[in-house]
Amino acid sequence: MGWPSFWHPHGLPPVRLHDLRHGAASLMLAAGVELKVVQETLGHVSSTFTRDTYTSVYPEVAQAAAESTAAMVIPGAIGSKVRLVALPGARLDTTL
């Protein structure tokens, strides 16, 4: 029994397990998960490989990061929204 025998009877599209892994990594980064956490989750030896492979996937993530950084430095910057991200179990200090 292989992977196709699971998705085919359920009417799911043919997807390789590697595609699911890539999708999960991309979604983690889009959700603001730290690069180091994604690297360790995937088992990559270095975060450089993870960064080079996945950071260009969602340009809107880069845009949000730039706007969030600008909002912290320049009052009234584009959007003026600061997105704070904390690792699970960590306390988030919201006093900026």
Side-chain angles (χ1 to χ4, degrees):
M1 177 181 252
W3 176 239
S5 64
F6 171 78
W7 55 257
H8 184 69
H10 297 288
L12 298 172
V15 177
R16 299 173 305 152
L17 285 174
H18 185 79
D19 296 333
L20 297 175
R21 172 185 165 92
H22 186 80
S26 299
L27 289 172
M28 283 190 284
L29 290 168
V33 175
E34 292 289 327
L35 183 62
K36 184 69 175 169
V37 173
V38 177
Q39 175 235 323
E40 290 176 356
T41 300
L42 296 174
H44 292 160
V45 173
S46 77
S47 59
T48 301
F49 178 80
T50 307
R51 183 193 67 228
D52 291 348
T53 304
Y54 296 101
T55 54
S56 64
V57 175
Y58 289 107
E60 59 272 11
V61 172
Q63 177 72 28
E67 290 176 4
S68 181
T69 302
M72 291 181 73
V73 177
I74 306 167
I78 302 170
S80 294
K81 294 180 183 176
V82 177
R83 185 174 128 206
L84 301 175
V85 178
L87 296 175
R91 277 188 357 123
L92 185 61
D93 183 4
T94 58
T95 56
L96 295 176

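All values derive from a computational prediction rather than experimental measurement.
In terms of heavy-atom proximity, M28 sits nearest to T41 at CE-CG2, 4.0 Å. L42 and A25 get closest at one heavy-atom pair: CD1-CB, 3.6 Å.
Just one residue in the list L27, T53, L29 forms a side chain to side chain contact (heavy atoms under 4.5 Å, CB included) with V38, and that residue is L29.
Scanning for side-chain contact (heavy atoms from CB on, under 4.5 Å) contacts around L20 gives W3, V15, L17, with sequence neighbours left out.
Rounded to the nearest 0.5 angstrom, R21 CZ and S26 OG are separated by 11.5 Å.
Note on ring orientation: taking the six-membered ring where Trp is involved, the planes of Y54 and H22 are tilted (angle from 30° to 60°).
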